[in-house]
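Everything below concerns the one structure shown next.
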Amino acid sequence: MESYLAELNEAQRAPVLQKDGAMIVIAGAGSGKTRVLTYRIAYLMSQGVDPFNILSLTFTNKAAREMKNRISKIVGSSEAKNLWMGTFHSIFAKILRFEADKLGYPSNFTIYDTQDSQSVIRAVIKDMRLDKDVYKYKQVYNRISSFKNSLITVKAYFQNPELQEADAMSKKPRMGEIYQAYVERCFKAGAMDFDDLLLKTNELLNRFPEVLHKYQSRFRYILVDEYQDTNHSQYLIVKALSDKFQNICVVGDDAQSIYAFRGANINNILNFQKDYENVEMYRLEQNYRSTKNIVNAANSIIDKNKTKLEKVVWTANDDGPKIVVNRLLTDGEEGRFVASSIFETKMQNQLSNGDFAILYRTNAQSRAMEDALRKRDIPYRIYGGLSFYQRKEIKDILSYLRLLINPKDEEALKRIINFPARGIGQTTMDRLSIAANQYGKSIFEVIENLDHLDLKINKSTRNKLENFVNMIKSFTILSENADAFVVADTVTKKTGLVQEMKKDGTPEGVARIENIEELLNGIRDFVEEQKELADSSGSLAEFLEDVALATDMDKDTSDEDRVALMTIHLAKGLEFPYVYIVGLEEDLFPSSMSMNTRSELEEERRLFYVALTRAETQAYLTYTQSRYRWGKLVDAEPSRFIEEIDDQFLDYLVPQDDYKYKPLIDTDIFGEVDKSKLRQTKPKKGTPPPAHKPTEQQLQKLRKLKPAASEPAKATKTVNLAEGNEVEHMRFGKGKVLKIEGVGQDQKAEIDFENGGIKNLLLRFAKLKLLS
Ligand SMILES: Nc1ncnc2c1ncn2[C@@H]1O[C@H](COP(=O)(O)OP(=O)(O)OP(=O)(O)O)[C@@H](O)[C@H]1O
Ligand SMILES: [Mg+2]
């Protein structure tokens, strides 16, 4: 037996050693699913399978890199770099480039990011003279994205009366036309958006049997991590590619399905056994990641979900410390608690910053954490949010680079044709746009052919346009032989972008120049890395693809030791010794947007399960008593998720029986804290604070207190409903109550909504207004 197989337990070894056939590994968090995939690939290679024949789909490109490194170590060669391994988007972008001509795209097609796509949609809405308050571009973008992920093409949309009706109902009867115009514009610009990378791959595999055959034969072995979060489009790609050999291994955990809001379909995992012949089902039960307290607490949470596959998760690890629960006054205080706790834990146990993660439900929560960490001089890194590549100055330079690779790229062109200012005004741009539409050409092509076209553009402007086109063309010629760094460096110098910023002289201007330097350094590193790998020249096209498809996790390039801050969605698959889950409050987590139906609430609970199971040694849960939301300070209630954890696993830093909001003086508003008042809610001074669990008596009091304490607020929320009542809901609009079931906390109503159809709502969470 190969020695590395001893690093697996028996249950893990079984799917690794089953070389051929279809198999699914369903198992709870931290049980070694990702490890099974890694070792399975190493085993396949040791059995003589060529890495070029193995396709492995991961959640981030970073995960793919780490897996490749591990595999290289196990098999003792650099062969692992030939594996097809990465996210769905990055793998299929690569394939689409090879095959682009079949679909009528140039092989140098641009990948539009969300900003670009939304900007196209805004332009379409404007050109169609639609009301931008009704047709909100972000909503329209999400709707189009959901069509694409369900493989609903423009044609399919117009053949589907139900979809059209739904859009008409939500007062957007022209959605189909926007969709059509959007698709046409992207096509004309030689651009694919993120969803196209999956949609067009499906189209490619469906329309061209010889292409399907080629990739089916290439990918003899297919592996998919986090299978529970694949959407319909991804599912169909995997299904098509694996159809020939049926050597497919997927791993996942239904309890960690957290992307339904983006079209992930949990049925993909539930139906896997029907999709293939002779499916072997494997289960892993032992968790290697976390302490007993964490594993058991997580089990007690997920137990509350009705829709789930029954699973056992246990661990042989130590009990570990209990999960610390702390209540703070405000998010400012919450940040200070987390920062001090990290500081002290780090000092006491000689740890690195990288051993700590702070997880939150929404990006906005990072600010308070950042402030507190900065004050304590604790280095941190935020994942997600506005990424480096989306900053204005970076995007401007990238737009030049994109344009010289694909001159049809209209979003790039519009951004920079007059930046730095060249005297090419909006009127000229409008004329060029109209001409481009009229002739079915790109704006760049129109400018190239100005002499042959009868456009109302004066001589001097024509010269400026010609100069611009010639400059871009000279960059294109340069890029044919030079690497990405040389091209980018030349572009920054020749376009006068940096000179423009230097004139500015403000601290912001200086920061922008520094960012550009950072970009150039990044490009240099990229080129060196690519050249080292020897199979690539480090061309600009390769760099742009890398940037376009970098997931939020992938931007973690430096090895500096920092505390990680991210949303729970991003933390999937990761692990940290110490994890702080902050903002555990009703309406924030679970989110107020996700409490209308049981399935939404269950997704929030799975999210909490994901968060807690990231922790190896210790988890901290914090909530505040009041929080600024939408500009107002509002009372906050502790999240039901805290209550759902079995008390034996928890350690309350403050007694829970007096949790009701008491207006105390807060440093954020008044500066100094009145310490005598603070002591009311904190345990008596003494270090460390006594970690005590509420007594049974306190608990009983707490249980009695909870509904009572929140009654005044609830009374306005819940309404006494009867069958036949007319109600209004903030998302589903007006509706009629069909049926009422249950009593008290569990009372549910079946309501027929104008905008949402029939829904079953738990009345305690549904914010309904009684109309009649
Ligand atoms: N047999 C084993 N022996 C020692 N350590 C193991 C073993 N199996 C897994 N581990 C370790 O346990 C941790 C969790 O494993 P892994 O990340 O593969 O779990 P997972 O099931 O993919 O988790 P998640 O559901 O969070 O994605 C990792 O640090 C891994 O190295
Ligand atoms: Mg995993």
Side-chain angles (χ1 to χ4, degrees), residues 323-346 356-378 380 382 385 563-568 571 576 578-592 608 611-612 614-615 618-643 645 650-656 658-675 677-683 688-689 691:
I323 296 168
V324 172
V325 181
N326 201 5
R327 172 196 61 201
L328 294 310
L329 287 177
T330 61
D331 60 350
E333 204 191 79
E334 188 180 38
R336 289 189 284 279
F337 166 73
V338 171
S340 320
S341 170
I342 290 177
F343 185 82
E344 281 161 25
T345 314
K346 201 173 87 177
F356 298 85
I358 306 175
L359 307 181
Y360 34 76
R361 179 68 182 81
T362 63
N363 274 311
Q365 288 167 260
S366 73
R367 191 200 45 81
M369 298 296 135
E370 284 181 78
D371 288 350
L373 291 168
R374 257 200 313 271
K375 284 200 183 112
R376 282 263 175 175
D377 281 330
I378 301 173
Y380 61 88
I382 298 193
V563 173
L565 270 69
M566 66 186 89
T567 61
I568 302 163
F576 303 88
Y578 292 82
V579 171
Y580 294 79
I581 308 170
V582 301
L584 271 162
E585 292 141 36
E586 287 291 293
D587 285 349
L588 181 57
F589 192 18
S591 154
S592 57
F608 185 51
L612 191 57
R614 300 308 96 203
Q618 178 144 36
Y620 294 78
L621 312 178
T622 61
Y623 63 94
T624 65
Q625 288 174 289
S626 57
R627 182 180 291 275
Y628 274 98
R629 308 209 58 196
W630 306 288
K632 270 197 300 205
L633 192 66
V634 296
D635 286 9
E637 260 180 71
S639 168
R640 75 194 65 190
F641 295 148
I642 299 182
E643 217 179 300
I645 302 178
L650 300 180
D651 211 351
Y652 293 96
L653 284 194
V654 288
Q656 294 295 286
D658 64 341
Y659 81 98
K660 204 174 157 234
Y661 174 62
K662 284 199 194 107
L664 290 176
I665 295 173
D666 170 31
T667 44
D668 284 352
I669 306 166
F670 297 108
E672 260 306 281
V673 188
D674 179 343
K675 299 234 170 58
K677 288 198 175 166
L678 267 183
R679 255 179 243 128
Q680 285 182 4
T681 59
K682 282 200 167 161

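For the pair L359 and A611, the tightest heavy-atom approach, listed with the atom from each and the gap, is CD1-O, 4.0 Å. Residues S639 and P590 approach most closely at OG-CD, 3.5 Å, considering heavy atoms. Nearest heavy atoms, V582 versus M369: CG1-CE, 3.9 Å. Nearest heavy-atom pair, L328 versus T622, reported as atom, atom and distance to 0.1 Å: CD2-CB, 4.0 Å. Contact detail for I642 and L650: the closest heavy-atom pair is O-CD1, 3.9 Å.
When side chains are defined from C-beta on, F337 counts as touching L653, because their heavy atoms get closer than 4.5 Å. The closest side-chain heavy-atom distance from T330 to S626 is below 4.5 Å. In this structure the side chain of T567 never reaches within 4.5 angstrom of the side chain of T362, judged on heavy atoms. The closest side-chain heavy-atom distance from S366 to Y360 is below 4.5 Å. No side-chain heavy atom of I645 sits under 4.5 Å from any side-chain heavy atom of V325.
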One pair to check against side chain to side chain contact (heavy atoms under 4.5 Å, CB included): F343 and I378. What are the steps and the verdict? CA-CA 8 Å; F343 185 82; I378 301 173; 4.3 Å; yes
The test is side chain to side chain contact (heavy atoms under 4.5 Å, CB included); show your working for Y380 and I342 and say whether it passes. CA-CA 11 Å; Y380 61 88; I342 290 177; over 6 Å; no
Under the side chain to side chain contact (heavy atoms under 4.5 Å, CB included) criterion, do Q618 and T345 qualify, and how do the steps go? CA-CA 11 Å; Q618 178 144 36; T345 314; 5.9 Å; no
Verdict with supporting geometry, E370 and L565, side chain to side chain contact (heavy atoms under 4.5 Å, CB included): CA-CA 9 Å; E370 284 181 78; L565 270 69; 4.2 Å; yes
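Taken from CZ in R336 to OG in S341, the straight-line distance is 14.5 Å, to the nearest 0.5 Å. The structure places CD1 of I382 at 8.0 Å from CG of N363, a figure rounded to the nearest 0.5 Å. Atom-to-atom distance recorded for Y623:OH and L588:CG is 14.0 Å, nearest 0.5 angstrom. Atoms CG and CD, from D587 and E637 in turn, are 8.0 Å apart once rounded to the nearest 0.5 Å. The distance from the OG1 atom of T624 to the CG atom of L584 is 10.0 Å, given to the nearest 0.5 Å. To the nearest 0.5 angstrom, I358 atom CD1 is 10.5 Å from M566 atom CE.
Applying the side-chain hydrogen bond (donor to acceptor under 3.5 Å, both in side chains) test between E585 and each of R627, R640, R361 identifies R627 as the sole match.
With sequence neighbours excluded, the residues forming a ring-ring contact (aromatic ring centres under 6.0 Å, His included) with Y578 are F356, listed by chain and number. By the salt bridge (charged side-chain N to carboxylate O under 4.0 Å, His left out) test, R376 is found to be paired with no residue, residues two or more places apart in sequence or in another chain being considered.
Side-chain contact of Y652 with R327: a donor-acceptor pair under 3.5 Å is absent, judged by distance alone.
Between R367 and D371 there is a salt bridge, since a side-chain N of the basic residue sits under 4.0 Å from a carboxylate O of the acidic one.
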